[in-house]
Visitor: 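Shown below is the structure under consideration.
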Amino acid sequence: MTKEENRYLNILKRQYPTISSAATEIINLKAIMSLPKGTEHFISDLHGEYDQFLHVLKNGSGAIRRKIDDMMGPTARSSEKKEIAALIYYPEQKLAEVQRREDDIEEWYRVTIYILVRIAIAAASKYTRSKVRKAMPKDFAYIIEELMTGRPNESDQEAYYAEIILSVIETKRAGELIVALCNLIRRLIVDHLHVVGDIFDRGPSPHLILDTLMNYHSVDIQWGNHDVVWMGAAAGSAVCVANVLRISARYGNLDTIEEGYGINLVPLAKLAMQMYADDNCDLFKVNYINSSFDDHDATLEKKMHKAIAIILFKLEGQTILRHPDFHMDDRLLLNCIDYAAGTIALDGKTYPMLDTCFPTIDPNDPYRLSEEEADTVDKLCRAFEASEKLQRHIRFLYSKGSIYKTYNGNLLYHGCMPMNEDGTFRKVTLFGKEYAGKALYDIIETYARKGYYSDDATERQNGQDMLWFAWCHKDSPVYGRSKMTTFERYFIADKDTYTEVKDPYYLLLEKEDIATPILHEFGLFNEDAAIINGHVPVEVKDGQSPVKCGGRLLIIDGGFSKAYQPKTGIAGYTLIYDSYGLMLAAHEPFESVEKAVKEGSDVHSDIVQVSHSEIRKTVADTDNGHLLDMQVADLDALLDAYRNGAIVEGNA
């Protein structure tokens, strides 16, 4: 034994001072490793659609309904299973409905508690008693544990079991126990949640989604391009603040900024009314897909929309000029306008401008903010930095998030691997150094963190500019298009100028072998490894499939956002990875909680088995299992040291 090994084992001895304690822990760890692997749930591209997100979260993309089918079997009617499903998803709302309609509510309580306990027992079968106990609500932990660990098939235990339920009913706590059991079942069905990017933008309630995620028992997040731009805004980046506000104005979600995050938009409103008082701003109509409006609101928000869009184009120009290494001169567009003629020259062609009212642009210095714009931007940036709720949410994104993640043999990222047409990883120069593949992901994440946390002013500025780069650059792994044609869509009628060419990665996905070098680049060599990808809506109605590369790459963005659903034909894909394999769920648009409670709808239209194994994966096959295996090896070494006298037992 080396000196270092001896020192380490003596440290381990403090926790396991005797042969008995070390041996007991080995037995415990090996038992845990033999349990079935916990179920993972993957969701992506939520885009502020809180109601649909919450329902998919509650039903586990059909995992809860499958457990109900397994437990209740063919003897139960479909309507009964739907009733139990709706109860588990929305226990408080369903209870209120049942209490209004049931003549014999006590009998309903008794039968329902029995059913829920059986489902809870099945859901708990993958876990140790200790983990299940920790998941139980404190008020009912003792009662639920007794109900779940008793033996109701034996007469004495059955009487004991029945007496517990009767006592709960008599003390008027049956409803509370049912809610507690439903919450426990949902907690146990899904062991871990993966959010593969784009929580923010388009939909009205990203703040509610993040509130929910912050209270979820186990979650990780892979940043999407809509997330990184909000991260930059929270850090105080003016160009990111302008992007966030433009998108919120575009989709009628300025209320989310003001009411959800307490950010004062009066400075922007004043600027808009001052500078665009006589401008109808009709090119900047708001898409009120998520909210209602009146004429006064619509007029003001159009003007705010235009005001922040012009500010954005100026700030983006400043960022491009500050970073010639970004090679984005083709996106410097304000200096391409002939302000007298009302035209713009792009790629050798001249186009008429649809709007020529630019009271804040100096043609001789088009990227300079006017005094009023500069003052407004300063106030807005300080408001974003001062929003306590936004800062809490963004710190959560940093602590639980990353630009990619390897987890239990799979690779998770939002956008793409920037590639050349021949399938090689594209080399990208950033701050004087060349990066490709995993190294490109790593350097962007490093700067993304500097943009929020660094105390060095230069590093912080570079980091914030990198967050903007990640949002819209052709070499960004979370964007993956040749350019972002926001300006053209506002000001030019010719739709040919709107073209955003996808990264070669997306064309290469039809080749079965393209996933292999990507997986190897991230250290994944197992044959069943898969890439879980979001970002690009799968247009199911046009025959597109989310399964690529022979099942080694899965795209799970099917269109949670209402803005995408006419194009995709569905409302999003999600993925379940249990101990038997991978299953894709295609979701229908969510209508309302009321309908879900009444009908027990699961909002999934189809389940596709991507991979299946007759031999269940166990905890030993997971990342955590590998850590447990290392702990067992260390404890085995400690046992050997005790038994051969190299280390003397201590006091237990």
Visitor: Strictly distance-based, threshold 3.5 Å: is any side-chain N or O of Glu40 a donor or acceptor partner for the main-chain N or O of His194?
Guide: no
Visitor: Ignoring hydrogens and angles, state whether a donor on the side chain of His217 or Asp191 is under 3.5 Å from an acceptor on the partner side chain.
Guide: no
Visitor: Could I get the full list of side chain to side chain donor-acceptor pair (under 3.5 Å) partners for Glu176, not counting sequence neighbours?
Guide: Arg173
Visitor: Would you check if there is a donor-acceptor pair between the side chains of His226 and Asp45 at a distance under 3.5 Å?
Guide: no
Visitor: Relative to the ring of Tyr261, is the ring of Phe200 parallel (under 30°), tilted (30 to 60°) or perpendicular (over 60°)?
Guide: tilted
Visitor: Could you tell me if the side chain of Tyr407 sits less than 4.5 Å from the side chain of Ile532, heavy atoms only?
Guide: no
Visitor: Under 6.0 Å between ring centres, would you say that holds for Tyr490 and His305?
Guide: yes
Visitor: Examine the side chains of Arg246 and Asn243 and answer whether a donor and an acceptor come within less than 3.5 Å of each other.
Guide: no
Visitor: State whether the side chain of Thr256 and the backbone N or O of Pro204 hold a donor-acceptor pair below 3.5 Å, judged by distance alone.
Guide: yes
Visitor: Quick one: does any side-chain atom of Ser205 pair with a main-chain N or O of Leu208 as donor and acceptor, under 3.5 Å?
Guide: no
Visitor: Taking the side chain as C-beta and beyond, is there a heavy-atom pair between Leu193 and Ile43 under 4.5 Å?
Guide: yes
Visitor: Partners of Tyr441 by ring-ring contact (aromatic ring centres under 6.0 Å, His included), sequence neighbours excluded?
Guide: Tyr404, Tyr413, Phe522
Visitor: Rounded to the nearest 0.5 Å, what's the gap from CD on Gln222 to NE2 on His414? Could you check?
Guide: 10.5 Å
Visitor: Which heavy atom of Cys416 sits nearest to which heavy atom of Tyr506, and what is that distance?
Guide: CB-OH, 3.5 Å
Visitor: Say whether, by atom type as modelled, one donor and one acceptor occur between the side chain of Asn264 and the main chain of Glu258 under 3.5 angstrom.
Guide: no
Visitor: Could you check whether any side-chain N or O of Arg460 sits under 3.5 Å from a backbone N or O of Ala235, counting only pairs where one atom can act as donor and the other as acceptor?
Guide: yes
Visitor: Roughly how far, to the nearest 0.5 Å, is the CE atom of Met583 from the OH atom of Tyr577?
Guide: 11.5 Å
Visitor: Does Lys58 reach the main-chain N or O of Tyr89 with its side chain, forming a donor-acceptor pair under 3.5 Å?
Guide: yes
Visitor: Return the minimal non-hydrogen interatomic distance between Gly175 and Leu95, and the atom names on each side.
Guide: O-CD1, 3.4 Å
Visitor: Please find the pair of heavy atoms, one from Pro91 and one from Asn183, that lie closest to each other, and give the distance.
Guide: CG-OD1, 4.0 Å
Visitor: Rounded to the nearest 0.5 Å, what's the gap from OG on Ser370 to CD1 on Ile361? Could you check?
Guide: 10.0 Å
Visitor: Can you pull out every salt bridge (Lys or Arg N to Asp or Glu O under 4.0 Å) where at least one residue sits in residues 304-315? Sequence neighbours excluded, please.
Guide: Asp279-Lys306, Lys306-Asp355, Lys314-Glu373
Visitor: Is Glu388 atom CD crowded by more than 12 heavy atoms from other residues, nucleotides or ligands, each under 6.0 Å away?
Guide: yes
Visitor: Rounded at 0.5 Å granularity, tell me how far CD in Glu301 sits from CG in Asp255.
Guide: 6.5 Å
Visitor: If you round to the nearest 0.5 Å, how far is CD1 of Ile555 from CD1 of Ile531?
Guide: 10.0 Å
Visitor: For the residue pair His473 and Phe469, categorise the inter-ring angle as parallel (less than 30°), tilted (30 to 60°) or perpendicular (more than 60°).
Guide: parallel
Visitor: So, does Gln391 use its side chain to make a donor-acceptor pair with the main chain of Ala234 at under 3.5 Å?
Guide: yes
Visitor: Determine yes or no for a side-chain-to-main-chain donor-acceptor pair under 3.5 angstrom, with Ser476 supplying the side chain and Ala470 the backbone.
Guide: yes
Visitor: Quick check against the 3.5 Å criterion: does Lys94 have a side-chain atom that pairs as donor or acceptor with the backbone of Ala86?
Guide: no
Visitor: Given Trp223, which of Trp471, Tyr398, Phe396 fulfils the ring pair (Phe, Tyr, Trp, His ring centres under 6.0 Å) condition?
Guide: Tyr398
Visitor: Between the side chain of Tyr498 and the main-chain N/O of Ile492, is any donor-acceptor distance below 3.5 Å?
Guide: yes
Visitor: Take the angle between the ring planes of Phe326 and His323 and call it parallel below 30°, perpendicular above 60°, tilted in between.
Guide: parallel
